[in-house]
Each structure stands twice: as C-alpha cells, then as structure tokens.
Amino acid sequence: MSTTGIPHSSHWGAFRADPTADGVRVRAHPDDPAPSALLRNVAVAATPTARVLRPHVRRGWWEDGPGPDERRGRDEFLPVEWDELLDRVAGEYARVLGEHGPRAVYAGSYGWASAGRFHHSQSQLHRFSHCLGGAVRSTWTYSHNVGEVLMPRVVGSQEPLISPTAWTSVEAATDLVIALGGLPAKNSEVASGGITRHEVAGRLRSARARGAEFVLVSPLRDDLAAELDADWFAVVPGSDAALLLAMCHVLLTDGSFDAGFLERFTAGSEQFLASLRGADDGVEKTPEWAEPLTGIAAARIRDLARRAVRGRTMITVSWSVARTRFGEQPLWAAVALAAMIGQIGLPGGGFGHGYASTGGVGKRAGTYPLPTFPQFADPLRIRIPVARIADALLHPGEPYEVDGRHETYPHLRLVHWAGGNPFHHHQDLQRLQRAFRAAETIVVHEPFWTSTARHADVVFAATTTLEREDVGAARYDDRLIAMGRVHEPLGEARDDYEVLSGLAHRLGTGERFTEGRTAGEWVEHLYEEWRTGPAARAGITAPPHAKFLAAGEFRLPPEPREKVMFASFRADPDRFPLRTPSGRIELHSETVAGFGYDDCPGHPVWLAPEEQPDEEFPLRLVANNPATRLHSQLDHGATSQAGKVAGREPVRMHARDAAARGLADGQVVVLRSRRGSCLGGLVVSDAVREGVVQMSTGSWFDPVAGAAAGVTCGYGNVNVLTRDVGSSRLSQACTGQHATVQVSAFEGVPPRVTIFDQPA
C-alpha cells in the first residue's frame, strides 16, 4: 500500500486519506484493479453538511417524558450537554428495566456503520445490552433473509449464500451462466467489512473470453455488463419461479435430467417431479404454461432448458430475486433445476445464491476467526425477524409464525439503535412512522441527520469511521487494514464505545463493559489477541501491533485450495452428508411440509403475488440497490449526487411507457402506490422491460419536501411505495423489491430538498 496518506478502509474499498483544509482527499488502494466510484462519496463525511454536531433531544420527550407521541418525526430538537443527556437516558433505561425487564428493550443495529472490527456498532450495542440482562434483537438480514432460513432446510446450511463455489472455478470451468437477477457490477463493488481488490468484473470478462456464455434473467438489461454479450430474458418481475419450473418440466419430459443424481443425492424428488406433472393443482408446468406468466416465449424457455444440459452450467440467483413475496420459491426451484442437471459439487457447476450481490460472495473466505469485539452471552435470547420491526412495535403481544415456530411479539418500550438506518432498509415508511410513534423512547446514535435521527427522541452525536482508529478486516478479503484516524471528531461527536461506556457506568456495569480499556487500548488488544491466538494457530505470522500500524496493512496468506461447494458431499454422500434430516438435498422437505404453510409448501411451486398491476397502478416497480452509494450511506456525497436527475432519485422507464403518459427524459415525476408517493427524476431507457419502472433505494426520506409537493417524500425514497409484509410464514423476510405503481408528471415547481438541512 502507498506509504503516503493515512490508511483506512470502507465497505466499498481500502484507501489512503489526506486531510485537506475543507475535508479529505481519498486515494484507492494501489492493488485494486477496479476501484469503486463510491470512494468519491467519502469526502463529504469530513464536512459539517448534514452532520449531528452535538447531542440533541426531542422537545416533547425532554419536557413531557416518555410515551407514544404523534409529534415524533415533526417535533423540534434541543441541543443538550452530554452529561445531562446521558444521565437522562440512563434513568430511562433504569425505569424500563425496573418496570418491564429487558424484553421491553430493543437493541437495533444493522452492522454496516464501519468496516472496522472494534467500532462495529452492532457488537458494541449488543455487548452493552448483554451487560444489562439482554435485550430483544433482530435475526437474519434484509438482504438475504429467505436464503438464511430456506437453505438450511434444503441443503443443511447457509453455504450457498455465504461461501459458494469460488469465482475462480466459474471463470475456468463454466460453459453457461444462468443469472437470475443478474450479476450487477454495482453490487459487487461492496463487501461487508471491506474489500481490497474488486475482481468480479475481471473474472466475468475472463470467463467470457474463454468461451463461457451468459443468460440474464431480469427485467433490467444492465443487470449484466454489456461486454458479456448476454442473452437477455426480460422476465416479468416476480415470475422467476415459473420460468425455472418450466425448465425443469422440459428436462423431465425430454428425459434429459440426471436421474442418477436425483436418486443418490436428493430426497423428495418423487413429490417434486409429480408436482411438475400437475399433482398439486392439476396444471402441468410446461413452457406454454409459463409463457404468459413470465413474458418469455415457450420456445425460448424450452431452448434454454436444453442448453443447460449441454455443458457445465452454473445457476445463480441474486439476493434480490428472493426479496419478494414468496421469495422462497425461485431459490428452491433453482436448486431443483441444478439437481436435475446433476452438476452440483463439480467445478463451475451447480448453483449459488448471491454471486455479485456483494463483492465478497465467491471470493476467498478465511477459515480462522478475525479480530472481533466480544459481546458476551445474551441472557435473554429473544429475536424477531429483522424485517418485522414495525409489526412488533404496532402489535405487541400478537402471535406470528416463523420457520415452524409460534412466536409472540414482545412489548417494546425503549428502542436503542446504533448503526443502521431503518428509514432506509424498511418498507412502507408511513407505517414505520406510525410504529416509531408507538414506542415510549427511541434513542439513536447518528453521525448525520437522517430520517431515523429525526424520528428519535434522543440523538447521540456519533463519529464517522474517519474520526476513529480501528482494524479493518473481512472474511472475504486478504488484508487487515490499520485504519488510522483521518481527522478529529467534528463538533462534540463521540464514538459508540464512549457513549455506551458512559451509560454503562451510570447503570453500574461500566467495569464489565469496558474491562478498564480505552477505545485505543481495545483496538490494540483485539489485534494482539488475534495475532497470538487464531492467527498463530492457523500458521500465520503477523507482526506486532506497532509494526502493523507502521506498515498500514497486513496481507493474509491465500486459501490452500479452490472452493467447490458440496464437492465432498458429491464424492461420498454417506461419509459427508448434508445437515438435513435426510442428509441429502431436499427437493421436498417433510419438515417444511409439516409446518402447513400455504404460502410456502414442502417443495418449490408457483405462487402468484397478491399485488398485481391494475387500472389504478398498472406498472411494476423494481426497487433495487443503488449504483451510486451503499444503501443510504453518504447520499449527499459526490458520486451519489452526480447520479440524481432534477435533484431527485432517478426513475427509469421504457420509452413506450413514458410516451403513453406524455413524459420526457429529465422530467420530475410522481410515483404513487397503494402505500404512498414520492418524486423522482425520469430517465427514459430501453434497458428496462416495458411495463416496468426501476427506482433504487437509499435516497433519504424527506417528508418535509414531500408535504410541500403533496406527496409522501419529496426527494425520492422508494420505500414509501413498497409493501411491509413478510415473504411467507417460513422466512418472514423483506419483500421490498417489487410493488405496483403509477407514474405521472409533477405539476408546478418542485420543492427544495430539505433532508440535508439541520432540523428545527
């Protein structure tokens, strides 16, 4: 790494930073073959723009005390002194714990706040809550909740979405890549914990140069790079399961499926194959059946199925494809198709869930622990699915089902959020507003005045990663980065550790939480503990902390062999069985069937989403991840702002759909759904299937500008449009990828965007 500048890391790349008079200058890691443009967003974090510069409290909570409050999100904020606010919050913790116990506290965090191993907000908050007897926590992720629940039922683990067959194997051995949801370069630029080398685009180019062919199954043509010359199947959004089942039917009726593989390596194939013949509903799942559902001609479906058995085929399902109503079905159907092809466990063949959904999937994955801030054991052990937080706040005490269990939502009174922005990740934001207003107290740690901060009672002014020292590391990366402090904290901002230490001391658990160490001492301790423990046991000779700091990074040794998922299982399924009840790939799961869920039966089926286009909302919305930022982070940064259209989030629409509505490129438009409305900037594009509009997530929710425009959000937060309902009773996962909408011209002068202003 370059010896000039301060070493640092982010989820979108390692870099060196040089403080300047008005911020910072950022340079990508010299070993990165394709640095991310998201690095250009970093500089704005070192400026006062949109920053929480001192602790604040909502006037109504400060003056009237805790309780549900309709003013939350609209009230004034008062700047207060740190000690005074910490005293008040500690008192509120003592009240809630004393009157209701730890099951009334929600420790909310989503873990993307920093690439550092110590200043990992989720670990910090969980350690703090465990010192107090625990708290209710979330489980699973917005990104791939379906896979986290379904894959253990089908293949015995989460391996397909965490550590599938390596990219190097696909690059060298795959003849045909069928990419449902695509392999978008924008998503592969990001990896949790950091990424030193962006290699996915290069691997794909290399595979194409060798002769591999690509099929893109997506309503968006640019979900796969144009240079890969992919065959584009512009499917109707949400119809992927129908396409896959029809392909399975072709292999069944042709007799070209691998019957020997099904017999030796799967369980329940008889039930699944019978369902293709119509045993469940009397309907054969032919390409002709799938054609009106998918918008793909039956002849093309039949041809694709036959291509899949001619050579080595990899079927990849993006995380986004499963982030829909009944999202379990396309993922399970992809496993079934791969099993019928019979190449699971072979180099370059089989299936994966999430290739290019982040840059880490398919890269090296260390087999040894990384430096980690210990959280202690959770004494409470109550979890709710991460995407069901609004349900929990709005319906305390109500029952729900998930993964075969009957659960009850706890009565959450104190919500403490450090790291993450639910007003980005969650759906139906007006419903989330109502949920936040139902709580008694909401405490957040925030560097910026996001909508999450503006809907809180207490806003602890938090530092950004540039204002802290840490160790950057990721299980998918081959570097440890000595993250130096680039500049001093702006205003009165404090790191999460200092804030939580102050609360812990006031609540009598300070010594246990801190173990007598400062943040800097913890960073050195975690590194040295790793160097002399897990690293040494793995045969890694890492330098002492002082030398690590001087070098700026430490390069980890490469993995000893190329990963081929389920290779051992394929070689000897009796010796290396899967962790399923049968020890095999379960094309039909008696366990899942036994749950009795009509929204997720025991094998992959076609279930039509309830929300379909109609006269009022005739267009299908695809709400995908953005290309110009990570989630909502640094939306006011240079790259993110350069991507706006007319100062709003872009909305892409096919030319014929735009012409039918009298809309023009660059125009400010209104998107409406059954749940809300927002403004956007129109982009007319033939890369979007007709009848579909695409708008990325991550623009900050601006209800003030929305009120001025007569809409829910005046800046373009697409989650005012999306539906807050679980994928099924099995996963209860996020379904924010799709909705039905109408688009029309905005009349008048668009209001000024206010979300980056300081609040009243």
Side-chain angles (χ1 to χ4, degrees), residues 11-13 34 36 38 110-112 140-151 158-167 170 177-195 198-204 214-220 222-225 228 230 237 240 314-324 327-328 330-331 334-335 338 350-365 386-387 424-425 474-477 563 565 622-631 633 694 696-698 727 731 733-738:
H11 297 297
W12 49 91
S36 173
L38 303 190
Y110 203 56
W112 282 99
W140 306 316
T141 66
Y142 282 93
S143 297
H144 47 65
N145 186 162
V146 161
E148 291 172 279
V149 177
L150 180 68
M151 285 295 94
Q158 296 180 11
E159 191 172 358
L161 60 148
I162 294 175
S163 183
T165 294
W167 273 117
V170 175
V177 177
I178 301 176
L180 291 99
L183 298 166
K186 62 182 177 62
N187 292 357
S188 66
E189 292 186 9
V190 171
S192 178
I195 181 168
H198 292 87
E199 299 176 338
V200 172
R203 300 283 184 198
L204 293 172
F214 292 83
V215 172
L216 168 63
V217 181
S218 170
L220 309 177
D222 49 6
D223 269 344
L224 206 57
L228 300 178
D240 306 80
M314 174 61 73
I315 302 168
T316 171
V317 181
S318 71
W319 293 344
S320 61
V321 167
R323 204 158 48 239
T324 60
E328 295 83 0
L331 179 53
V335 176
F351 73 98
H353 181 36
Y355 284 113
S357 291
T358 73
V361 178
K363 289 190 69 175
R364 71 177 298 281
V386 67
H424 157 72
H425 272 103
R475 64 186 305 272
Y476 301 112
D477 204 29
K563 167 70 179 292
M565 185 172 68
V622 174
N624 62 353
N625 277 350
T628 59
R629 59 191 168 267
L630 167 60
H631 297 318
Q633 289 189 33
Q694 176 268 318
S696 292
T697 61
S727 58
S731 300
C734 162
T735 58
Q737 192 74 14
H738 296 157

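FYI, the numbering just counts along the sequence from 1.
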Is the shortest heavy-atom distance from the side chain of [X] to the side chain of [Y] under 4.5 Å?
{"X": "Val622", "Y": "Gln737", "result": "yes"}
{"X": "Gln633", "Y": "Leu38", "result": "no"}
{"X": "Val146", "Y": "His353", "result": "no"}
{"X": "Phe351", "Y": "Val317", "result": "no"}

Please enumerate all residues that pass side-chain hydrogen bond (donor to acceptor under 3.5 Å, both in side chains) together with [X], with sequence neighbours excluded.
{"X": "His144", "answer": "Thr141, Glu148"}
{"X": "Thr316", "answer": "none"}
{"X": "Ser218", "answer": "Asp223"}
{"X": "Trp12", "answer": "Ser10"}

Can you list, pair by pair, the side-chain donor-acceptor contacts under 3.5 Å of residues 354-362, counting residues two or more places apart and other chains?
{"residue": "Tyr355", "atom": "OH", "partner": "Thr165", "partner atom": "N", "Å": "3.3"}
{"residue": "Tyr355", "atom": "OH", "partner": "Thr165", "partner atom": "O", "Å": "2.5"}
{"residue": "Ser357", "atom": "OG", "partner": "Trp319", "partner atom": "N", "Å": "3.1"}
{"residue": "Ser357", "atom": "OG", "partner": "Gly354", "partner atom": "O", "Å": "3.4"}
{"residue": "Thr358", "atom": "OG1", "partner": "Gly360", "partner atom": "N", "Å": "3.3"}

Checklist entry - Among all residues two or more places apart in sequence or in another chain, which pass the ring pair (Phe, Tyr, Trp, His ring centres under 6.0 Å) test with His425? => result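 In terms of ring pair (Phe, Tyr, Trp, His ring centres under 6.0 Å), with neighbours along the sequence ignored, His425 is linked to Tyr110, Tyr142, His631.
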Checklist entry - Can you tell me how far the CG atom of Asn145 sits from the SG atom of Cys734, to the nearest 0.5 Å? => result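 SG of Cys734 is found 8.5 Å from CG of Asn145.
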Item to check | Gap between atom CG of Asp240 and atom OG of Ser318 - 0.5 Å precision | outcome: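 That separation rounds to 8.0 Å.
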By side-chain contact (heavy atoms from CB on, under 4.5 Å), which residues pair with [X], not counting sequence neighbours?
{"X": "Ala191", "value": "Ile195"}
{"X": "Ala34", "value": "His198"}
{"X": "Ala474", "value": "Asp477"}

Next on the checklist: Please enumerate all residues that pass salt bridge (charged side-chain N to carboxylate O under 4.0 Å, His left out) together with Arg323, with sequence neighbours excluded.
Outcome noted: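 Not a single residue meets the salt bridge (charged side-chain N to carboxylate O under 4.0 Å, His left out) criterion with Arg323.
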Checklist entry - Excluding sequence neighbours, so at least two apart, what forms salt bridge (charged side-chain N to carboxylate O under 4.0 Å, His left out) with Glu199? => result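 Once residues adjacent in sequence are excluded, the partners of Glu199 under the salt bridge (charged side-chain N to carboxylate O under 4.0 Å, His left out) criterion are Arg197, Arg203.
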List the atom of [X], the atom of [Y], and the distance in Å for their closest heavy-atom pair.
{"X": "Ser731", "Y": "Glu328", "answer": "OG-OE2, 2.9 Å"}
{"X": "Gly736", "Y": "Ala623", "answer": "O-CB, 3.5 Å"}
{"X": "Leu204", "Y": "Phe214", "answer": "CD2-CE2, 3.8 Å"}
{"X": "Arg629", "Y": "Thr697", "answer": "NH2-O, 3.0 Å"}
{"X": "Ala338", "Y": "Ile315", "answer": "N-CD1, 3.8 Å"}
{"X": "Trp112", "Y": "Leu630", "answer": "CE3-CD2, 3.5 Å"}

Next on the checklist: Consider side chain to side chain contact (heavy atoms under 4.5 Å, CB included). Of Leu228, Ile178, Leu224, Val177, which one does Leu216 pass it with?
Outcome noted: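 In the set Leu228, Ile178, Leu224, Val177, the residue that makes a side chain to side chain contact (heavy atoms under 4.5 Å, CB included) with Leu216 is Leu224.
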Using distance only, find each side-chain donor-acceptor pair of residues 179-188 under 3.5 Å and give its atom names and separation, not counting sequence neighbours.
{"residue": "Lys186", "atom": "NZ", "partner": "Asn625", "partner atom": "O", "Å": "2.8"}
{"residue": "Ser188", "atom": "OG", "partner": "Ala185", "partner atom": "O", "Å": "2.9"}

